[in-house]
Amino acid sequence: MAKITAGIFTSHVPAIGAALDLGKSTDSYWQPVFAGYEPTKAWLREREHRPDVVFLVYNDHATAFSLDFIPTFAIGCADQFKPADEGWGARPVPVVQGHPLLATHIAQSVIQDDFDLTVVNKMDVDHGLTVPMSLMFGQPEAWPCRVIPLAVNVVLYPPPSGRRCYQLGRAIRKAVESYEEDLNVHIWGTGGMSHQLHGPRAGLINKEWDNAFLDKLINDPEGASKVDHLEYMREAGAEGIELVMWLVARGALDPAPAHVTRRFYHVPASNTAVGHLVLENAR
Ligand code: DHB
Ligand code: FE
């Protein structure tokens with residue numbers, strides 16, 4: 001049977017992708033950011049940790065979906081997802097290979113479990129998805145695994161609640177673990193941590209709140225799922241709401257993680273506090 005063995009959590013700052021693509025990852029500003037991901041990259045290179053499929057929870061930033069049309073939760077069931085042109089041409093990264101059979105199995109299971117996903121059969125993927133891929137896998141010719149994208153609306157009010165995201169994660173785990181093929185599946189939660197890109201509070205970073213959120217996400221995920229919109233907005237900035245996506249991934253993992261394999265937090269990186277966790281399920 002397929003099994004969710006680990007969850008990876010990371011910010012998805014677009015400037016991180018640009019730094020990598022433009023050969024600036026060893027510049028003094030970026031070096032500590034990339035260094036923070038080295039232990040995870042090494043862990044992922046070990047045979048038993050390499051995923052066959054990543055279920056990647058991210059948000060589209062009005063790239064594939066315009067502001068005319070935004071599903072709350074959209075699952076990518078296509079064969080392939082091309083890197084999107086976000087205004088400067090597509091990133092020079094591989095095309096993402098999907099897993100239509102597992103994706104449609106998950107869609108069926110989760111929708112019949114009362115979560116109304118939108119099924120997407122054609123979609124380009126923006127920095128929300130490609131930057132986490134680059135952070136974990138570097139710059140290969142082809143990505144080493146298949147990816148099922150789950151796009152969550154956090155750009156047009158109202159976003160889904162953290163509680164709903166957490167419960168969706170549990171339904172995703174049930175769906176994955178009822179798929180017959182033996183597959184090592186990861187679930188990734190991306191976006192966050194504290195950041196605000198516009199208005200008088202632009203540049204807001206809240207290290208104390210972010211670190212308390214990491215503690216809670218690890219040790220008290222139910223409690224973390226109860227954080228409401230206004231708290232994210234007030235404490236972590238308007239774009240801090242991206243953290244609800246981490247709760248989808250957390251919901252698909254054991255309530256008490258078997259292993260906290262990696263924890264990393266770093267400021268500065270563009271306008272965002274960079275947070276990163278790897279949590280493993282019991283084997
Ligand atoms: C930045 C962060 C984001 O999450 C994003 O989507 C766009 C920009 C930033 O830090 O600049
Ligand atoms: Fe973002």
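Every heavy atom of this structure was used, including side-chain atoms; hydrogens, water molecules and symmetry mates were not. Read the numbers this way: they start at 1 and go in the same order the structure lists the ligands and their atoms.
A heavy-atom distance below 4.5 Å is not found between the side chains of Val274 and Met193.
Residue His195: no N/O/S atom is found under 2.8 Å from the Fe ion (ligand 2). At a cut-off of 2.8 Å, His127 does not coordinate the Fe ion (ligand 2) through any N, O or S atom.
The aromatic rings of Trp246 and Phe9 are tilted relative to each other, their planes meeting at an angle between 30° and 60°.
The ligand atoms of ligand 1 that sit less than 4.0 angstrom from a heavy atom of Glu242 are 4 (O), 6 (O). Of all atoms in ligand 1, listed by their number and element, those nearer than 4.0 Å to a heavy atom of Thr272 are 1 (C), 2 (C), 9 (C), 10 (O). Listed by number with element, the atoms of ligand 1 under 4.0 angstrom from any heavy atom of Val13 are 10 (O). Of all atoms in ligand 1, listed by their number and element, those nearer than 4.0 Å to a heavy atom of Asn271 are 9 (C), 10 (O), 11 (O). Close contacts between ligand 1 and Pro14 involve ligand atoms 1 (C), 2 (C), 3 (C), 5 (C), 7 (C), 8 (C) [criterion: under 4.0 Å to a heavy atom].
Between Gly275 and Tyr37, the shortest heavy-atom distance links the atoms O-OH, 3.9 Å.
Side-chain contact annotation: Glu46 with His49, donor-acceptor N/O pair under 3.5 Å present.
When the options His61, His195, His127 are ranked by their closest heavy atom to atom 4 (O) of ligand 1, first place goes to His195.
Atom OE2 is the N, O or S atom of Glu242 at the shortest distance from the Fe ion (ligand 2). His12 has its closest N, O or S atom to the Fe ion (ligand 2) at the position named NE2.
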Quiz: residues 223-232 side-chain donor-acceptor pairs under 3.5 angstrom, not counting sequence neighbours:
residue	atom	partner	partner atom	Å
Ser225	OG	Glu222	O	2.6
Asp228	OD1	Leu230	N	3.2
Asp228	OD1	Glu231	N	2.9
His229	ND1	Tyr157	OH	3.4
His229	NE2	Pro159	O	3.3
Glu231	OE2	Trp209	NE1	2.8

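Arg170 and Asp113 are not joined by a salt bridge, as no carboxylate oxygen comes within less than 4.0 angstrom of a charged side-chain nitrogen.
Ring to ring, His12 and His61 are close: their centroids are under 6.0 angstrom apart.
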